[in-house]
Amino acid sequence: MQSQPKRRRVERSPSPTYNLDDEDGYEPYVPVAQRRQEKLARLSSWRTPSDKKQQDDIEEREDEEKEEERRRERARKERTLLMEAQDVHSRKAVEGPPAVEKAAEADAEILEAIKSRRKLASDLELAKGISYTESLTTSWRPPRYIRDRTSEQHQKVRDKYHILVDGEDIPPPIEHFVDMKIPEPILQYLRSNRITAPTPIQLQGIPAAFSGRDLIGIAFTGSGKTLAFCLPLIMLALEEETKLPFVRGEGPVGVILCPSRELANQTYENVVAWCGALAKSAKYPQLNVLLCIGGISMNEQSHVMSKGLHIVVATPGRLIDMLEKKKFTFNNCKYLCMDEADRMIDLGFEDDVRNIMSFFKRQRQTLLFSATMPRKIQDFAQQSLIRPVLVNVGRAGAANLDVLQVVEYVKQEAKMVYLLECLQKTPPPVIIFSENKNEVDDIQEYLLLKGVEAVAIHGSKTQEERQYAIKSFKSGAKDVMVASGVASKGLDFNDIQHVIIFSMPKEIEDYVHQIGRTGRSGKTGIATTFVNMNTPEPTLLDLKYLLMEAGQKVPPFLSSIDDSQGGSMKGCPVCGGLGHSISNCPKREDAQRRLMASHRTTDDGGGGY
Ligand SMILES: Nc1ncnc2c1ncn2[C@@H]1O[C@H](COP(=O)(O)OP(=O)(O)OP(=O)(O)O)[C@@H](O)[C@H]1O
C-alpha cells in the first residue's frame with residue numbers, strides 16, 4: 001500500500017489582505033474567524049526561535065501519527081471479513097490441527113444420532129414388531145424382449161444414461177414409454193406436451209415402481225421425477241377400479257405427500273390432467289383425485305368426496321386432520337409417495353409421516369423422491385423400506401448441469417440497485433429468491449416502484465395471495481416472482497430464464513433446489529447469486545465445491561477461501577454439502593437438538609409406543 005505524500009506545513013505569515021495602509025483608505029471586511037487566526041499567528045511569532053522549533057517538531061510528530069493512523073484505517077477497511085477469517089484459519093493451522101480424537105468422537109456421535117432414529121413405520125407396526133419382507137406384487141410385466149435381456153445388457157442401458165442402482169433383483173430399465181405399457185391416451189397426452197422419451201430417472205424408476213418395489217429416486221431438479229412417481233399410482237388405481245369400481249366412501253388407493261401447498265397443488269394438477277386424458281377415452285374409467293392441503297375449503301371438493309376416491313395429493317397437516325376426522329380412510333391404501341422426501345424426513349415432518357403411516361392398515365409400497373438426499377438420509381430411509389431399489393442419476397445434491405451458475409460479491413447496501421441491472425441479463429420470466437419474508441416484500445415493493453411487473457410469495461401471505469402470485473406468474477401476466485423458500489422446491493414454471501438468489505440460503509441443498517427452477521426438462525438457464533460478508537463461510541465453501549463439481553467458473557473471492565473444513569467431492573453424509581466434513585457440518589447442531597428433543601418426548605411417554 002502506498003503512503004500518502006506528506007502535507008506541506010503552513011507558513012505563519014501575516015495575511016496580505018490585512019493592510020490598513022491601503023491607498024484609498026478602503027478597509028475590506030475580514031471575517032472574525034480569519035482575524036482570530038491571524039492574531040494567533042502573530043502571537044506565536046513572538047516566541048523565541050527555540051520555542052518555535054520545539055512547537056514545530058511536536059506538530060510535525062502529531063501530523064505524522066495522524067497520517068499513520070489514517071493509513072492503518074484505510075488498510076483495515078480494505079480487508080474483507082473473508083480475509084480476516086482466512087487469517088484466523090491460518091493461525092489455527094499454525095497452532096496445530098484440532099485434536100483428532102475429538103473430531104472422531106464428534107463424527108461417531110452424529111452418525112449414532114442418525115442411526116438411532118426410529119424406523120419410518122407406523123407406531124402400531126413397530127409396537128407389534130410387524131416387518132414385511134416381500135415387496136408388493138403387481139400384474140405388470142416388462143415386454144418379453146426386455147425380460148429376455150441379460151443383466152449385462154440391462155447394465156449397459158443404465159451406463160448409457162449414467163443411472164446408478166442399488167438393491168436386490170432390480171427391474172430392467174426401459175427406454176421407450178410404449179414398452180412400459182402405459183395406456184395410449186396418456187401417451188398421446190404426453191406427446192402433445194413434447195414428452196416423447198423417458199428421462200433417465202423415468203426409464204429406470206417407472207419399471208421399478210410398476211413392479212411394486214419400494215423406491216428411492218434421486219435425480220437432478222427438472223428431470224421429470226413427478227411423472228415417475230405419479231404414473232405408477234395412476235396405473236395402480238386404474239387396475240383396482242377396473243377390477244371393482246369404487247363407490248362413495250371407498251379409497252384412496254394411494255397418496256402423494258408434498259412438503260408445501262404449492263407443490264401439492266402443482267402435482268395435483270398434473271395427476272388430474274393425466275387422469276383426464278385417460279377418461280376422455282371410452283375405454284378407461286374416470287379416476288377421482290383429491291387435493292388435501294391447508295388454506296382451502298374441502299367443501300369445494302365435495303363432488304370428489306361424494307364418489308369413490310382413488311388418489312389423494314396432500315400436505316401432511318391437512319391429511320392428518322382429514323384422516324382423524326374420518327373423512328376418508330387408508331384401509332385400502334397401498335401406495336405412499338413422498339416428494340422432496342429428504343426435506344420431509346429431515347425438516348420437521350418426520351413425526352407427521354409416522355402418524356400418517358399409522359393410518360395404513362396393510363403393507364404399502366413406499367417411494368421417496370428428491371433431487372437432494374444426503375447419504376445418511378438415504379441409509380435411514382433404506383432401512384425403513386422393504387427391499388428398496390435405489391435409483392440415482394447424478395450425485396444426490398448435485399446441481400443441474402443445464403444451469404449456468406454465476407456467483408457475485410455484492411455489498412449488502414448495493415444489492416437492490418444491482419438487482420435492477422441483473423434483471424437486464426435475460427428476458428422474463430425471472431425468479432428472485434430471498435431467505436427473509438420482509439426482504440421478499442421489500443424487493444417486490446422496490447421493483448414495483450421501478451415499474452417491474454413483480455409478484456411475491458412467502459409463508460405469511462394468505463392462500464389466495466399465494467395462488468394469485470403463482471397463477472399470474474405461470475400465465476406470463478407477471479414477469480418477475482420474488483419468493484422465499486416456499487416456492488423453491490419442486491415448482492415447475494415454464495421456461496424460467498433466470499434465477500436470482502438475492503440472499504444465499506444457509507443450506508446448500510436449498511441453493512440446489514432454488515437454481516433448479518431454471519434449466520428444466522433439457523433447457524438451459526442462468527442463476528445469479530449474490531454473496532457478501534454476511535454469507536457464512538461454510539456456505540461459501542459448499543458453494544465453491546458445488547461450482548467446481550459442476551465445472552462452473554469459481555470467482556477469485558471463493559477460490560481464495562481457505563479449505564480447512566475438510567471439504568471433498570464425496571459430500572458430507574449429513575447434509576450433502578461438499579465444502580466440509582461431517583464434524584464441521586452446520587446441520588450438526590440441528591441434528592443434536594432434534595435427537596435431544598426426541599429423547600425428551602420418549603422419556604415423557606409422549607411419542608413412545
Ligand atoms: N420425459 C420427458 N421429456 C421431456 N420433458 C419432460 C419429461 N418428463 C417430464 N418433463 C417435463 O420436465 C419438467 C420438469 O419435471 P418435474 O417437475 O417432474 O421435475 P422434477 O424432477 O420433479 O424437478 P424438481 O426436483 O425441481 O421437483 C416438467 O415441465 C415436465 O413436464
Side-chain angles (χ1 to χ4, degrees), residues 161 163 173-180 182 186-207 209 215-234 256-260 262-274 277 313 337-344 367-373 391-403 429 431 433 470 474 483 485-496 499 509-525 527 576:
Y161 295 98
I163 302 167
I174 301 183
E175 290 177 277
H176 306 285
F177 281 129
V178 273
D179 288 340
M180 294 180 189
I182 297 167
I186 295 189
L187 288 183
Q188 244 175 38
Y189 179 85
L190 292 178
R191 277 195 294 271
S192 70
N193 283 283
R194 298 195 303 275
I195 298 179
T196 49
T199 61
I201 186 69
Q202 292 166 352
L203 70 85
Q204 178 63 81
I206 294 177
L215 182 70
I216 299 179
I218 303 165
F220 297 116
T221 52
S223 60
K225 294 186 285 294
T226 315
L227 187 70
F229 59 74
C230 289
L231 263 187
L233 177 52
I234 294 175
I256 296 169
L257 274 184
C258 306
S260 76
E262 282 72 23
L263 185 52
N265 196 31
Q266 178 183 286
T267 306
Y268 165 79
E269 282 173 2
N270 275 319
V271 178
V272 167
W274 293 324
V313 184
C337 175
M338 285 192 255
D339 193 9
E340 313 296 343
D342 55 327
R343 310 264 100 184
M344 302 267 286
L367 298 93
L368 311 178
F369 274 82
S370 187
T372 54
M373 179 119 34
V391 182
N392 201 338
V393 185
R395 183 187 69 87
N400 182 337
L401 299 180
D402 291 331
V403 182
I431 300 190
F433 282 112
I470 289 195
K474 253 191 178 168
V486 214
S488 70
K489 282 169 221 107
L491 285 192
D492 182 44
F493 298 109
N494 283 340
D495 301 335
I496 298 289
V499 168
E509 294 155 288
D510 290 333
Y511 169 82
V512 170
H513 283 282
Q514 289 179 5
I515 63 166
R517 295 317 96 203
T518 184
R520 299 176 73 78
S521 61
K523 297 181 193 110
T524 50

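One-based numbering, in listed order, for ligands and for the atoms of each.
- The side chain of Arg520, and not its backbone, has at least one atom closer than 4.0 Å to an atom of ligand 1 (non-hydrogen atoms only; side chain from C-beta on).
- Note on ligand 1: Gly522 sits outside its first shell, no heavy atom being nearer than 4.0 Å.
- Taking 4.0 Å as the cut-off, Arg517 counts as a neighbour of ligand 1 on heavy-atom distance.
- Looking only at side-chain heavy atoms (C-beta outward), Thr267 and Cys230 come within less than 4.5 Å of each other.
- Phe220 counts as a contact of ligand 1, since one of its heavy atoms falls under 4.0 Å from the ligand.
- Considering backbone and side-chain N/O of Ile195, none are found under 3.5 Å from N/O of ligand 1.
- Remark: distances from the non-hydrogen atoms of Gly222 to ligand 1 include one below 4.0 Å.
- If you number the atoms of ligand 1 from 1 as listed, the ones under 4.0 Å from a heavy atom of Glu340 come out as 27 (O).
- Between Gln266 and ligand 1, not a single N/O pair is under 3.5 Å apart.
- Within the 4.5 Å cutoff, side-chain heavy atoms of Ile256 are placed close to those of Cys258.
- Here the shortest heavy-atom distance to atom 3 (N) of ligand 1, taken over Gly217, Ala228, Cys258, Ala197, belongs to Ala197.
- Separating the CD1 atom in Ile216 from the CE atom in Met338 is a distance of 10.0 Å, to the nearest 0.5 Å.
- Expressed to the nearest 0.5 Å, how far CG of Leu257 lies from CE of Met344 amounts to 4.5 Å.
- Looking at ligand 1, you won't find any N or O of Arg194 less than 3.5 Å from one of its N or O atoms.
- In this structure the side chain of Tyr161 reaches within 4.5 angstrom of the side chain of Glu175, judged on heavy atoms.
- Compare Thr226, Thr372, Asp495 by their heavy atoms: the one nearest to atom 16 (P) of ligand 1 is in Thr226.
- The existence of a salt bridge linking Asp495 and Lys523 is confirmed by a sub-4.0 Å separation between a basic side-chain nitrogen and an acidic carboxylate oxygen.
- Contact check for Ile470 versus Leu491: side-chain heavy atoms found under the 4.5 Å cut-off.
- Using a 4.0 Å cut-off between heavy atoms, Gln202 contacts ligand 1 through its side chain alone, with no backbone atom that close.
- Look at Asp339 and Lys225 and you find no salt bridge, because none of the NZ, NE, NH1 or NH2 atoms lies under 4.0 Å from a carboxylate O.
- With contacts defined as side-chain heavy-atom distances shorter than 4.5 Å, the pair Ile206/Phe229 does not qualify.
- The part of Asp492 lying near ligand 1 is the side chain, judged by heavy-atom distances below 4.0 Å.
- Near Lys225, meaning under 4.0 Å from one of its heavy atoms, ligand 1 places the atoms 18 (O), 19 (O), 20 (P), 21 (O), 22 (O), 23 (O), 24 (P), 25 (O).
- Interatomic distance, Thr372 OG1 to Asp510 CG, rounded to the nearest 0.5 Å: 8.0 Å.
- The closest approach between Ser223 and ligand 1 falls below 4.0 Å for a heavy atom of the residue.
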